Amino acid sequence: MHIVLGPSPEPRGPDGDTAQPPWRAVSLDAGREVSARDFPRGQLAAVVRAVQEGSERPDRIRWVWADTREVYPELLAAGIELARVWDLRLCQRILRTAASASSRGVEYAPAADLSEEREEPAGRVPPPRVDPRQASLFEAPAAQPQPRGPACDQLIRELEAQRRAVSSSPEPHRLNLLLAAESQGGLIAEEMHHEGLPWNRGIHERLLEERLGPRPEEGSRPARMQSLAEHVGRVLGSERLNPDSPQDLLRALNAAGVRVGSTRKWDLMAWAAEGGAHVEERRELIRPVLEYKQLYRLWTANGWHWLDEWVREDRFHAAYVVGGVVTGRWAAHGGGAMQIPRTVRDAVRAEPGHVLTVADASQVEPRILAAMSGDRALAVAGRDHDLYLGIAEIGQRTGSALKDRQAAKIALLGAMYGATSGDSAAMMPHLRRLFPAAIELVERAAEAGERGGQVATWLGRTSPAPDEAWFAAVRDVGTAQAESRSRTLSRSHGRFTRNFVVQGTAAEWALCWMGEIRRRLRAGGPGGSGLRTRMVFFVHDEVVLHGPEEEAEEAHGIVGEAAAAAGRLLFGEAPVDFPLTVAAVGSYAEAK
DNA sequence: TAAGGACGCCAC
DNA sequence: AAACGTGGCGTCCTTA
């Protein structure tokens, strides 16, 4: 059973109100319209609740709408959670790209334009759905007037178009799974945004004070940084040095005999390391610079301003962007949600009587590669918890150069990223000998990309084609310079497609993993009424749950079962494991 | 003065 | 040591 929700094609409400044009809910049974009703937009939550409560199997309803971000927040604010949806916008994006590659065999003609570019001609960053400066970020945006997108009847035609595209595709089962998972991702993203990551302001403030000193006046540096800045100026012999300015700092460093080409941490450390007899002296010289950089980063990225802007009532409400990365990975908008540095993770605390269950999937990408390529040897290497150690063991047995963990890791990451030089590239022949099927897969993806071709993930997310300028530049081999540029561009796109198939499929696994966790959390607990434990954070291959202590054991079991279930969902009974590191902790910093 | 690139560092 | 994939973001600095 599908229920399509969207603006009514009728221009005015039942009482003739044009200021509040109505919305429409249409029930479809096997694609046929069985009922329809119009209602004022403001009653959306009430209508959805009534349908859910009036249904014997509300979990079997698949709600269909243009954009989860437009609708679901107000349902969550009203305490309504839905089991299944179809997000036409998210699905359209996947289908459009798939259909753009003739080799994919997906035929799709959109019936309604749901692309982001409609509102955002720049077309780069999706518009934030709330203004971070407004308190409404943390409240239901129910009252905000919304732009009127395609009407309900158009959405029904769009749903039909999408379903046709799926069933006509070479792999309908996989593509359907991808679209369902992506839609469910839309739900999960909004639920996690609504729930928020428990963030203890007091602990964060204490941490800042310990390292930076008391909160400074607006416009001036924290005390500890100010004295360090002055110290650095004295040491380098440049009074009035502003270490915040890379140019300034580089000049001062060079003037003081520090021969570096940039002010990067690694450049400075390398300079010190090659000091021969003067290593210690050099380290002493750059130490305050490095310390200043560290504090500067903490202050600017996760300091008091960040706390004020992003943490409300001890929760950090990260705004996720589903499929925000070309590969299908999620992005986050605002607050740097996917780059929470280790230094502040101690502020992430379970609330009293609760625990954080931190589940981290081990070496997902090489395991994905093993499953996709059917490489038995790589699957065997991944039987234990540590796949890289598994490779090292095989390497030792067979007398390969891949005989320690570090070498194995560098080599495999290099194969997936497209390393062309150094230790990593040197290991490629050994890697190829041990894992021919896996290496073959990434090499083929790279070759396709170098020619400007499109590649696809396991479930069928397709990489975008390079633009015309790219093809023109790659064709241009008139001069030595042009030829070099052509090769650079070509190789670069090859590295992109090489990584796309693995990173993208890993993202699909993660999406299914979260979906399975969600399903189990909803179904678990006494009488199957659902646990109180909630997913509160996600980043690529890691999930954080927050819930009552007494549910911790069950939550631990759920994340593990869900990981295995996700593997089966994608790859059937392929002999590839997806082990996790799971920690039940009071503080995020205790995990890993 | 606003926009946008460069820089540098954070995450997986 | 970094190289080599995908991103966000705060700041400085140049450009229109």
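Convention: sequence-line order gives letters A, B, ...; per-chain numbering from 1. Every value quoted in this text rests on a predicted model; they were computed, and no experiment measured them.
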Proximal nucleotide (of [options]) relative to the [X] side chain:
{"X": "Pro246(A)", "options": "dT14(C), dG8(B), dG7(C)", "result": "dG8(B)"}
{"X": "Val326(A)", "options": "dC12(C), dG8(B), dG7(C)", "result": "dG7(C)"}
{"X": "Arg345(A)", "options": "dC12(B), dC10(B), dT6(C)", "result": "dC12(B)"}
{"X": "Trp266(A)", "options": "dA1(C), dA11(B), dT6(C)", "result": "dA1(C)"}
{"X": "Ser245(A)", "options": "dC12(C), dT6(C), dG8(C)", "result": "dC12(C)"}
{"X": "Thr263(A)", "options": "dG8(B), dT11(C), dC4(C)", "result": "dG8(B)"}
{"X": "Gln247(A)", "options": "dC13(C), dG5(C), dA11(B)", "result": "dC13(C)"}
{"X": "Arg495(A)", "options": "dC12(B), dC4(C), dG7(C)", "result": "dC4(C)"}
{"X": "Gln339(A)", "options": "dG7(C), dG8(B), dG5(C)", "result": "dG7(C)"}
{"X": "Asp244(A)", "options": "dG8(B), dC12(C), dC4(C)", "result": "dC12(C)"}

Requested in this report: Could you tell me whether Arg215(A) and Asp308(A) have a side-chain N and a carboxylate O separated by less than 4.0 Å?
Outcome: yes
Query raised in the report: Would you say dC10(B) has OP1 or OP2 under 4.0 Å from some side-chain N or O of Lys265(A)?
Result: yes
Query raised in the report: Which part of the nucleic acid, if any, lies within reach of Asp423(A) when heavy atoms closer than 4.0 Å are counted: base, sugar-phosphate only, or nothing?
Result: base
